[in-house]
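Predicted model only: the values in this text are computed from it and were never measured.
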Amino acid sequence: MASKHLFFFASILVFSAVSVLAEENHGLVMDYYKDTCPQAEDIIREQVKLLYKRHKNTAFSWLRNIFHDCFVESCDASLLLDSTRRMLSEKETDRSFGMRNFRYIETIKEAVERECPGVVSCADILVLSGRDGIVALGGPHIPLKTGRRDGRKSRADILEQHLPDHNESMSVVLERFANIGINTPGVVALLGSHSVGRTHCVKLVHRLYPEVDPQLNPSHVPHMLKKCPDPIPDPKAVQYVRNDRGTPMILDNNYYRNILDNKGLMLVDHQLATDKRTKPYVKKMAKSQDYFFKEFSRAIAILSENNPLTGTKGEIRKQCNLANKLH
């Protein structure tokens, strides 16, 4: 009889431990689709490779998607929703300026749907394509949990409350990241995403006109002026500066050496290299790519687990740009 009581008590403890663990992980687990769609992650990975081979800039877009979707209250693919008569899309706000390639998320979704209809969420596709895009750019492979479900509404109306801007003070930037559990070295590492891709002149001209920002490295200014010759650039024109002229297609720690040399394009880059709270980590990442990758991986994992919809919340969209009720 005593052994039965002990077994029962041990079972309760195990069940409680599992419940607590699930709660701590927000309902997300590794390899969530192993039984319902075992090929899901392989399909996403293959699609990312194919699309990257055809369109190199897709990898930048997938990396940006994680930041712009998961930072705004929930990692639920709200970013991907189109505008409706009643709802403005996050994609169409000023803060999403320059984001593109959303149609390729649909390409990946269609490939997954052919294998497992109605099983894999757009939120998980968004996160996993970002993970695989990081690898395509020469970054680390980051094990990420899955099990997210899709939201039904855009969060355009609260986007400004959550998403830090490139012109805001470092105090505001650090506070916004801290609100979702990312500490200072994590912030420094995530901004290392500026190692790849490009910055549109719209976001740079205030540092060039009417006078050049004296904090910019003088050797870098002629190139910026050549790429951004208009004080008021046309938002529809393709005018931009590569974030890192040395290795523009590789996610590496060259970004940190650049900003320590006053070659950061945006104000947030300059602040990162000069603020006493962040500069020590910038120096450490400039010296060690392994350290950069370690902190980057940890921060991406935290960001990807920001308040996801799991269990019976949300839905599994049929198309990533439309909530199911609109079909």
Side-chain angles (χ1 to χ4, degrees), residues 26 57-58 60-109 121-130 133 148-169 172-173 175-182 187 190-191 193-194 197-200 202-203 206 233-236 266-268 300 302-310 313-327:
H26 310 291
N57 63 6
T58 53
F60 314 141
S61 301
W62 291 321
L63 178 52
R64 286 190 73 188
N65 285 346
I66 294 181
F67 176 71
H68 280 260
D69 184 63
C70 295
F71 216 104
V72 185
E73 197 168 80
S74 175
C75 202
D76 68 346
S78 61
L79 172 71
L80 304 179
L81 291 169
D82 289 342
S83 290
T84 66
R85 285 179 297 176
R86 297 181 179 180
M87 182 180 72
L88 174 67
S89 168
E90 291 173 39
K91 294 182 291 187
E92 295 184 21
T93 63
D94 290 342
R95 295 295 296 280
S96 297
F97 177 79
M99 296 193 70
R100 57 200 183 282
N101 294 325
F102 295 111
R103 65 187 182 278
Y104 296 128
I105 291 288
E106 294 294 345
T107 301
I108 300 172
K109 172 69 169 174
S121 69
C122 296
D124 277 341
I125 290 172
L126 181 150
V127 166
L128 294 178
S129 62
R148 298 164 192 80
R149 288 169 64 85
D150 301 319
R152 298 188 177 97
K153 64 178 183 178
S154 166
R155 292 190 167 83
D157 58 330
I158 61 168
L159 190 149
E160 294 286 348
Q161 301 171 29
H162 295 270
L163 203 63
D165 184 63
H166 62 91
N167 284 325
E168 287 176 318
S169 71
V172 170
V173 172
E175 181 184 2
R176 296 280 176 93
F177 277 95
N179 288 340
I180 61 170
I182 296 176
V187 174
L190 280 181
L191 286 173
S193 299
H194 292 173
R198 59 196 188 184
T199 299
H200 198 287
V202 167
K203 296 183 178 181
H206 64 287
D234 180 358
K236 296 180 181 179
M266 293 183 285
L267 283 177
V268 71
I300 286 286
I302 293 170
L303 181 59
S304 74
E305 294 178 24
N306 183 34
N307 193 31
L309 301 180
T310 57
K313 297 177 182 177
E315 64 185 16
I316 305 297
R317 291 184 209 148
K318 296 177 182 177
Q319 290 179 222
C320 291
N321 64 324
L322 297 171
N324 289 343
K325 63 182 179 182
L326 299 179
H327 285 267

Residue pair Leu303, Ile180: steps toward the side chain to side chain contact (heavy atoms under 4.5 Å, CB included) verdict: CA-CA 7 Å; Leu303 181 59; Ile180 61 170; 3.5 Å; yes

Might you work through the side chain to side chain contact (heavy atoms under 4.5 Å, CB included) test for Leu309 and Asp150, ending with a clear yes or no? CA-CA 7 Å; Leu309 301 180; Asp150 301 319; over 6 Å; no

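For Asp157, the side chain to side chain contact (heavy atoms under 4.5 Å, CB included) criterion is met by no residue, not counting sequence neighbours. Residues satisfying the side chain to side chain contact (heavy atoms under 4.5 Å, CB included) test with Ile105, not counting sequence neighbours, are Trp62, Asn65, Leu80, Ile125, Ser129, Cys320. For His206, the side-chain hydrogen bond (donor to acceptor under 3.5 Å, both in side chains) partners are Asn167, not counting sequence neighbours. Lys91 is linked by a salt bridge (charged side-chain N to carboxylate O under 4.0 Å, His left out) to Asp82, counting only residues two or more places apart in sequence or in another chain. Partners of Asn57 by side-chain hydrogen bond (donor to acceptor under 3.5 Å, both in side chains), not counting sequence neighbours, listed by chain and number: Asn101. Evaluation of the side-chain hydrogen bond (donor to acceptor under 3.5 Å, both in side chains) rule for Glu92 yields Ser83 as partners, not counting sequence neighbours. Glu160 meets the salt bridge (charged side-chain N to carboxylate O under 4.0 Å, His left out) test with Arg95; sequence neighbours excluded. Qualifying side chain to side chain contact (heavy atoms under 4.5 Å, CB included) partners for Asp234, counting only residues two or more places apart in sequence or in other chains: Lys236, Ala237. With sequence neighbours left out, Ser193 forms a side-chain hydrogen bond (donor to acceptor under 3.5 Å, both in side chains) with no residue at all.
The salt bridge (charged side-chain N to carboxylate O under 4.0 Å, His left out) pairs that include a residue from residues 62-74 are Glu73-Arg155, where partners are two or more places apart or lie in different chains. Listed by first and then second residue, the ring-ring contact (aromatic ring centres under 6.0 Å, His included) pairs involving residues 68-92 are Phe67-Phe71, Phe71-Phe177 (not counting sequence neighbours).
Atom-to-atom distance recorded for Cys70:SG and His162:NE2 is 13.0 Å, nearest 0.5 angstrom. Rounding to the nearest 0.5 angstrom, the gap separating the CG atom in Leu163 from the OG atom in Ser96 is 7.5 Å.
A donor-acceptor pair under 3.5 Å is absent between the side-chain atoms of Ser78 and the main chain of Lys153, judged by distance alone. At distances below 3.5 Å, not a single donor-acceptor pair connects side-chain atoms of Arg149 with backbone N or O atoms of Asp76.
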